[in-house]
Asker: 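Quick one: the structure is below, and I'll ask about it shortly.
Bear in mind that the values here come from a model prediction, so they are computed numbers and not experimental data.
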Amino acid sequence: LSSSSAASDVYKRQGSLRLWQLEDEIHLKETVVSVGKRSGVQPDYNHHCWLKPASKTEGSSSNVRKSVAMEGEKKGSSTLCALTEDGNVHFFAGGTDLNQSLTLIRAVWDDQSRPPPRAIHAMACARGLLVSGADGLLALLERDSAGMFSQTRTFTCSPPQSSGGRGAATTIATGSDSRPSGDVKLWRRETTDITSMCTGSSQETLIVMTSCGQMASFPLSAIELLDPEGSHFSFNGGGVVGVHCGSINGLDCCVAKPIFATCGADCTVRVWDYANRMCLLVKELADTPLCLSLHPSGDMVAVGLSLIHI
């Protein structure tokens, strides 16, 4: 539901988008949102947000931020943005389809032949619209002079690695002009879905939650200056972060020391100090580990890989 008492909207997984208007401060009136000239089956909607119409004061960041902060006060003239499972962004106004759709584009170093990433969360910002999605997508959508939205900036969120936070795929893209090559499974483990976003009134820093259960910050105020191929997400905790991205396939405890080791579907082996509740070491592997055994002294770990290697 939106924050406004004038109107609110609800989306359903069955491929419908409905608008609810509050009448007489008591009763709700339901309106099925028109899909205009679009044909075919209605998509599954994942999320929505309200956008204020473009104002004449768009050149002033303070005025724009104030306008965004007042978002939802007059929903009758606002634009409704709806995200779909197939990676599209649709725009509506007053329950009517604006016949404007936008398909999300992957990062420049990514394989563009893959289907569009699933759109998960949308949030209005001073620059326009922020959309997060699967495979670590963070996209900025801005409105042009004609009032049409386009994707102007694209970034990728990679889970923190033992070397300090930049995934191998991003490192390859930075070091060469070609897209990352190799095992697709290896590339996928180096991104994490952005499931939700929020920011303060100043909109200087964006806080995101990821599918691997971690929180990260993004310098939203400097978005124009950031390299799209770089890694700009700072994960909380610093140093070695121990959260696995995916299922845990193996676990073993040490007899002589207060440590234990885990291995998971994210192709990592992690050593933990359970007395201090922290991760001590992260080792990345080229294959998926299925099991492990920790030596009683805690000095060695035997890991069984899916290619029948130890």
Asker: Could you grab the distance from atom CD1 of Ile105 to atom CG of Leu137, nearest 0.5 Å is fine?
Answerer: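 Reported value, rounded in 0.5 Å steps: 10.0 Å.
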Asker: Heavy atoms only: give me the nearest Ile120-Ala134 pair and the separation to one decimal.
Answerer: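 That would be CD1-N, 3.8 Å.
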Asker: Is there side-chain contact between Ile194 and Phe233, with heavy atoms separated by less than 4.5 Å?
Answerer: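 Result yes, sub-4.5 Å side-chain heavy-atom pair found.
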Asker: Report the residue from Met197, His47, Met209 that forms a side-chain contact (heavy atoms from CB on, under 4.5 Å) with Ser132.
Answerer: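 Going through Met197, His47, Met209 one by one, the side-chain contact (heavy atoms from CB on, under 4.5 Å) with Ser132 is satisfied by Met197 alone.
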Asker: So which atom in Leu83 and which in Ala119 form the shortest heavy-atom distance, rounded to 0.1 Å?
Answerer: CB-CB, 3.7 Å
Asker: Group every Ile, Leu, Val, Met, Phe, Trp and Tyr by side-chain heavy-atom contacts under 4.5 Å, then state whether Val269 and Leu280 land in the same group.
Answerer: yes
Asker: With distance as the sole test, does Glu142 use its side chain to make a donor-acceptor pair with the main-chain N or O of Ser150 at under 3.5 Å?
Answerer: no
Asker: If you measure from OG1 on Thr154 to CG on Leu141, what distance do you get to the nearest 0.5 Å?
Answerer: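 Thr154 OG1 to Leu141 CG: 8.5 Å, rounded to 0.5 Å.
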Asker: Counting C-beta onward and ignoring hydrogens, is there a side-chain heavy-atom pair between Thr195 and His121 closer than 4.5 Å?
Answerer: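 They are not in side-chain contact.
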Asker: Output all residues satisfying ring-ring contact (aromatic ring centres under 6.0 Å, His included) with Phe155, sequence neighbours left out; order by chain, then residue number.
Answerer: Phe218, His232
Asker: Relative to each other, are the rings of Phe260 and Trp272 parallel, tilted or perpendicular (30° and 60° limits)?
Answerer: parallel
Asker: Between Leu294 and Cys253, is there a side-chain heavy-atom distance shorter than 4.5 Å?
Answerer: no
Asker: Counting C-beta onward and ignoring hydrogens, is there a side-chain heavy-atom pair between Leu80 and Phe91 closer than 4.5 Å?
Answerer: no
Asker: Check whether any side-chain heavy atom of Arg106 lies under 4.5 Å from a side-chain heavy atom of Arg114, and answer yes or no.
Answerer: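 Arg106 reaches Arg114 side chain to side chain.
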Asker: Looking at every heavy atom in both Leu51 and Gly128, which two are closest together, and how far apart are they?
Answerer: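 Here Leu51 and Gly128 meet closest at CD2-O, 3.7 Å.
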Asker: Hey, quick one: are Val301 and Leu305 part of the same hydrophobic cluster, counting side-chain heavy atoms closer than 4.5 Å, chains of contacts allowed?
Answerer: yes
Asker: Under a 4.0 Å N-O cut-off, is there an ion pair linking Arg118 with Asp193?
Answerer: yes
Asker: Could you tell me which residues satisfy side chain to side chain donor-acceptor pair (under 3.5 Å) with Thr199, sequence neighbours excluded, listed by chain and number?
Answerer: none
Asker: Search all heavy atoms of Gly264 against all heavy atoms of Asn249 and return the closest pair with its distance.
Answerer: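 That would be C-ND2, 3.7 Å.
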Asker: Does either side chain, that of Asp287 or that of Ser306, offer a donor lying less than 3.5 Å from an acceptor on the other one?
Answerer: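 The answer is yes; a qualifying pair exists.
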Asker: Can you hop from Ile248 to Leu290 via hydrophobic side chains spaced under 4.5 Å?
Answerer: no
Asker: Show your working on side chain to side chain contact (heavy atoms under 4.5 Å, CB included) between Arg143 and Thr152 and close with a plain yes or no.
Answerer: CA-CA 10 Å; Arg143 200 186 327 236; Thr152 58; over 6 Å; no
Asker: Closer than 3.5 angstrom, by distance alone: can the side chain of Asp273 be matched with the main-chain N or O of Ala275 as a donor-acceptor pair?
Answerer: yes
Asker: With side chain to side chain contact (heavy atoms under 4.5 Å, CB included) as the test, would you mind laying out the steps for Met215 and Ile207 before giving the verdict?
Answerer: CA-CA 7 Å; Met215 182 184 299; Ile207 305 299; 3.7 Å; yes
Asker: Please test Ser101 against Asn88 for side chain to side chain contact (heavy atoms under 4.5 Å, CB included), starting from the C-alpha separation and ending with a verdict.
Answerer: CA-CA 7 Å; Ser101 298; Asn88 289 314; 5.5 Å; no
Asker: How far apart are the closest heavy atoms of Ala256 and Ser297, and which atoms are they?
Answerer: CB-CA, 4.3 Å
Asker: Would you say the side chain of Val89 lies within less than 4.5 Å of the side chain of Leu104, judging by non-hydrogen atoms?
Answerer: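 They are in contact (side-chain heavy atoms under 4.5 Å apart), so the answer is yes.
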Asker: Indicate yes or no: does Arg153 engage Glu224 in a salt bridge with an N to O separation below 4.0 Å.
Answerer: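 Answer for the salt bridge query: no.
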Asker: When rounded to the nearest 0.5 angstrom, what distance separates CE in Met123 from CG in Leu130?
Answerer: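 Here the interatomic distance stands at 4.5 Å.
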Asker: Measure across Gln151 and Ala139 and return the closest heavy-atom pair with its distance rounded to 0.1 Å.
Answerer: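 Smallest interatomic distance, heavy atoms only, reads NE2-CB, 3.6 Å.
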Asker: Do His90 and Tyr45 have side chains that get closer than 4.5 Å, going by heavy atoms?
Answerer: yes
Asker: If we ignore hydrogens and angles and just use 3.5 Å, is the side chain of Asp144 paired with the main-chain N or O of Met148 as donor and acceptor?
Answerer: yes
Asker: Drop me the distance from Phe149's CZ to Gln100's CD, to the nearest 0.5 angstrom.
Answerer: 7.0 Å
Asker: Would you compute the distance between atom OG1 of Thr156 and atom CG of Leu138 and round it to the nearest 0.5 angstrom?
Answerer: 9.0 Å
Asker: Any side-chain heavy atom of Leu206 sitting closer than 4.5 Å to one from Ser217?
Answerer: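 Not touching, per the 4.5 Å side-chain cut-off.
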Asker: Report the C-alpha distance between Thr84 and Asn46 in whole Å, list the side-chain angles of each, state the deciding distance to 0.1 Å, and finish with yes or no for side chain to side chain contact (heavy atoms under 4.5 Å, CB included).
Answerer: CA-CA 5 Å; Thr84 66; Asn46 288 337; over 6 Å; no
Asker: Establish, from distance only, whether the side-chain atoms of Glu284 and Thr268 form a donor-acceptor pair under 3.5 Å.
Answerer: no
Asker: Can you tell me how far apart CG (Leu140) and CG (Leu129) are? Round to the nearest 0.5 Å.
Answerer: 8.0 Å
